[in-house]
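Since the structure comes first, as structure tokens, the remarks are kept for the end.
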Amino acid sequence: MSQRFLPPLEADTRYRVAEFQSFSFGHRTLLKAVTGEDTSILHLHLSNRTTLDLPVSDEALQYLMVTLMDVFPQQAIDRVKERWPRELAPKE
């Protein structure tokens, strides 16, 4: 897959892109060890096989997490229970 930068985008403008398909994430601590890159990257994969690589801070990702948990509280709780079942099991 070739990689190139978008032309400069106009400030204070919204852009529509192809339908969102999936995402992946590379945290800066992992990327530093593998590629030497020290910025976390959120990869947004679109239905037209385009990937948008968005540099993001840990704080921005934490804000996204909190926002998603507010929108999908039951799914967040279910995921925590699934991820750490022993820690959340009732004590006998």
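We're numbering straight along the sequence, starting at 1.
Remark: F72 engages L68, Q75 in a side chain to side chain contact (heavy atoms under 4.5 Å, CB included) (not counting sequence neighbours). Among residues two or more places apart in sequence or in another chain, the side chain to side chain contact (heavy atoms under 4.5 Å, CB included) test is passed with Q74 by I77, D78. With sequence neighbours excluded, the residues forming a side chain to side chain contact (heavy atoms under 4.5 Å, CB included) with A76 are M69, listed by chain and number.
Rounded to the nearest 0.5 angstrom, H43 NE2 and F23 CZ are separated by 11.0 Å. Within the model, atoms CG of N48 and CG of L46 stand 5.5 Å from one another, a figure rounded to the nearest 0.5 Å. Residue L44 holds its CG atom at 8.5 Å from OG of S24, rounded to the nearest 0.5 Å. If you take NE2 on H27 and CG on L42, they are separated by 12.0 Å, rounding to the nearest 0.5 Å.
By the criterion of side-chain heavy atoms lying less than 4.5 angstrom apart, applied directly or through intervening Ile, Leu, Val, Met, Phe, Trp or Tyr residues, F25 is not grouped with V66; the two fall into different hydrophobic clusters. V71 is connected to L64 through a chain of hydrophobic side-chain contacts under 4.5 Å among Ile, Leu, Val, Met, Phe, Trp and Tyr, so both are in one cluster. The cluster map of Ile, Leu, Val, Met, Phe, Trp and Tyr, joined by side-chain heavy atoms under 4.5 Å apart, puts L52 and F20 in the same cluster. M65 and V56 end up in different hydrophobic clusters when Ile, Leu, Val, Met, Phe, Trp and Tyr side chains are linked at under 4.5 Å. Clustering ILVMFWY residues whenever any of their side-chain heavy atoms sit less than 4.5 angstrom apart, transitively, puts L54 in the very cluster that holds L61.
Counting only residues at least two apart or on different chains, no salt bridge (Lys or Arg N to Asp or Glu O under 4.0 Å) pair has a member in residues 63-73. Evaluation of the salt bridge (Lys or Arg N to Asp or Glu O under 4.0 Å) test over residues 59-69, restricted to residues two or more places apart or in two chains, returns none. Residue pairs meeting the side chain to side chain donor-acceptor pair (under 3.5 Å) criterion with at least one partner in residues 10-23, sequence neighbours excluded, do not occur; the list is empty.
Heavy atoms only, all atoms of each residue included: P55 and T39 are closest at CB-CG2, 3.6 Å.
The number of heavy-atom neighbours closer than 6.0 Å to OH of Y63, taken from other residues, nucleotides and ligands shown, is 12 or below.
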